[in-house]
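These notes concern the structure reproduced below.
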Number of protein chains: 2
Amino acid sequence: MPVDRGRTKEEVAGEAWMAMYRFILGGEGQRNFHDACEHTGLAPGVLKTLLSLHPGQPQSMGELAETFRCDPSYVTSLVDGLESTGLAERRPHPGDRRVKDVVLTAAGEHRRDEAEKILSQPPEALDRLSFTELRQFRDLIEKIVGA
Amino acid sequence: MPVDRGRTKEEVAGEAWMAMYRFILGGEGQRNFHDACEHTGLAPGVLKTLLSLHPGQPQSMGELAETFRCDPSYVTSLVDGLESTGLAERRPHPGDRRVKDVVLTAAGEHRRDEAEKILSQPPEALDRLSFTELRQFRDLIEKIVGA
DNA sequence: TATTGTTATACTCTATAACTATA
DNA sequence: TATAGTTATAGAGTATAACAATA
């Protein structure tokens with residue numbers, strides 16, 4: 001390890017970012033998500049939509065499109081996927097009848113919980129940290145995400 | 001925040017994992033990758049392939065398929081994408097002529113560097129940590145990934 | 001006239017099945 | 001006969017363009 005490694009804050013941030021990035025995208029995260037799709041019987045896109053809906057928090061089609069940075073027409077098909085299986089439903093938005101709000105049904109909330117349970121199974125690699133280190137790590141990452 | 005939060009190591013690991021997972025998949029990582037695709041002029045899959053090849057380290061088609069957990073036929077099209085633009089080339093594997101090794105060309109190495117430069121741009125959210133916290137965080141994440 | 005969402009359509013991504021060459 | 005890779009093809013995933021309803 002070179003002595004001048006991570007000299008500036010930007011460099012250290014870059015190093016931390018790349019490590020995290022590779023960790024998630026290099027298999028660990030993908031495997032979990034794939035498992036969650038299989039277990040819930042949902043296609044990846046539909047599951048992603050299910051997860052971004054929260055109980056009691058309607059989201060408009062447009063908001064979902066913005067969240068996913070995708071075309072609104074694709075949101076139509078994603079929400080169709082949820083609605084056809086009774087996991088969510090569209091409701092007229094009070095005040096602007098052009099807008100449609102999407103809300104989870106009771107079944108949707110339940111299915112979402114199942115998916116979250118699978119996704120939150122941490123990869124074994126986290127065992128490389130001690131309990132103390134892990135708490136430290138969790139606090140730091142939560143500070144980063146602004147939780 | 002509930003008092004009994006993160007009581008066991010498993011719980012804390014789950015909390016840390018979910019925060020990290022959301023951070024990467026919830027936009028920050030996607031944006032960077034999208035930028036890298038645009039800048040390099042490569043389709044997402046092709047860029048992913050470029051990134052998993054390392055200078056001086058040939059990888060067989062089969063190894064790539066295993067890395068991506070995808071069908072070998074898809075690797076064919078991905079490597080075609082690299083080869084048609086002169087970023088990589090196929091070579092007969094010494095010792096087993098069924099196998100084809102994929103290696104980066106000089107142009108490929110250069111393009112790969114460009115992409116890495118963009119991808120390693122850390123999201124601004126990392127600024128929420130102090131320099132000291134950031135170093136701590138980097139050390140922990142690198143311990144996790146086994147660097 | 002501008003905006004939200006849908007429909008119809010086409011393009012990209014990825015897998016399955018049948019095939020070729022080598023082992 | 002079994003394995004590595006390719007070809008042809010089909011199925012998801014996602015976007016673009018034209019449209020209907022509401023503002």
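Lettering of chains follows the sequences in order, A, B, ..., and the numbering in each one begins at 1. When reading the values below, keep in mind they use all heavy atoms of this one structure, side chains included, and skip hydrogens, waters and symmetry mates. Predicted, not measured: the structure shown is a model, and the values here were computed from it.
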For this session: Look at the side-chain N and O atoms of Arg90(A) and state whether any lies under 4.0 Å from the OP1 or OP2 oxygen of dT6(C).
Result: yes
For this session: Measure from CD on Gln59(A) to P on dT4(C) and round the result to the nearest Å.
Result: 15 Å
Problem set entry | Nearest-nucleotide comparison on DNA chain D, the residue closer to the 5′ end among Pro44(A) and Asp71(A) | Pro44(A)
Exercise. Which heavy atom of Leu129(A) sits nearest a heavy atom of Lys9(B), and at what distance?
Worked result: O-NZ, 2.7 Å
Problem set entry | Protein-nucleotide distance (Leu47(A), atom CG; dG13(D), atom C1'), rounded to Å | 15 Å
For this session: Figure out the CG/C1' separation between Asp80(B) and dT12(C), and round it to whole Å.
Result: 15 Å
Problem set entry | Nearest-angstrom distance from the residue atom NE2 of His93(A) to P of dT6(C) | 15 Å
For this session: To the nearest Å, give me how far apart CG (Leu42(B)) and C1' (dC13(C)) are.
Result: 15 Å
Exercise. When all nucleic acid strands are considered with a 4.0 Å heavy-atom cut-off, which category describes Gly45(A): base, sugar-phosphate, or nothing?
Worked result: nothing
Exercise. For Ala65(A), which contact category applies under a 4.0 Å heavy-atom criterion: base, sugar-phosphate, or nothing?
Worked result: nothing
For this session: Quick one: closest heavy-atom pair of Leu50(B) and Gly108(B), and the distance?
Result: CD1-O, 3.7 Å
For this session: Establish, with yes or no, whether the OP1 or OP2 oxygen of dT6(C) is under 4.0 angstrom from a side-chain nitrogen or oxygen of Lys100(A).
Result: yes
Seminar exercise, completed: Here the distance between atom P of dC13(C) and atom CZ of Phe33(B), to the nearest Å, is 11 Å
For this session: Report the distance from atom CE of Met61(A) to atom P of dT3(C), rounded to the nearest whole Å.
Result: 19 Å
For this session: Evaluate the criterion side-chain hydrogen bond (donor to acceptor under 3.5 Å, both in side chains) for residue pair His34(B) and Arg69(A); output intermediate values, then yes/no.
Result: CA-CA 11 Å; His34(B) 191 257; Arg69(A) 290 168 187 76; over 6 Å; no
For this session: Indicate the atoms forming the closest heavy-atom contact of Glu63(A) with Pro58(A), along with that distance.
Result: OE1-O, 4.3 Å
For this session: Could you walk me through whether Arg128(B) and Glu133(B) pass side-chain contact (heavy atoms from CB on, under 4.5 Å), step by step?
Result: CA-CA 9 Å; Arg128(B) 293 194 179 122; Glu133(B) 286 172 329; over 6 Å; no
Problem set entry | Residue met sooner reading DNA chain D from 5', once Ser73(A) and Arg98(A) are mapped to nucleotides | Ser73(A)
Exercise. Does Arg97(B) place a side-chain N or O at less than 4.0 Å from the phosphate oxygens OP1/OP2 of dA23(C)?
Worked result: yes
Exercise. For Glu63(A) and dT4(C), what is the distance between atoms CD and P respectively, to the nearest whole Å?
Worked result: 11 Å
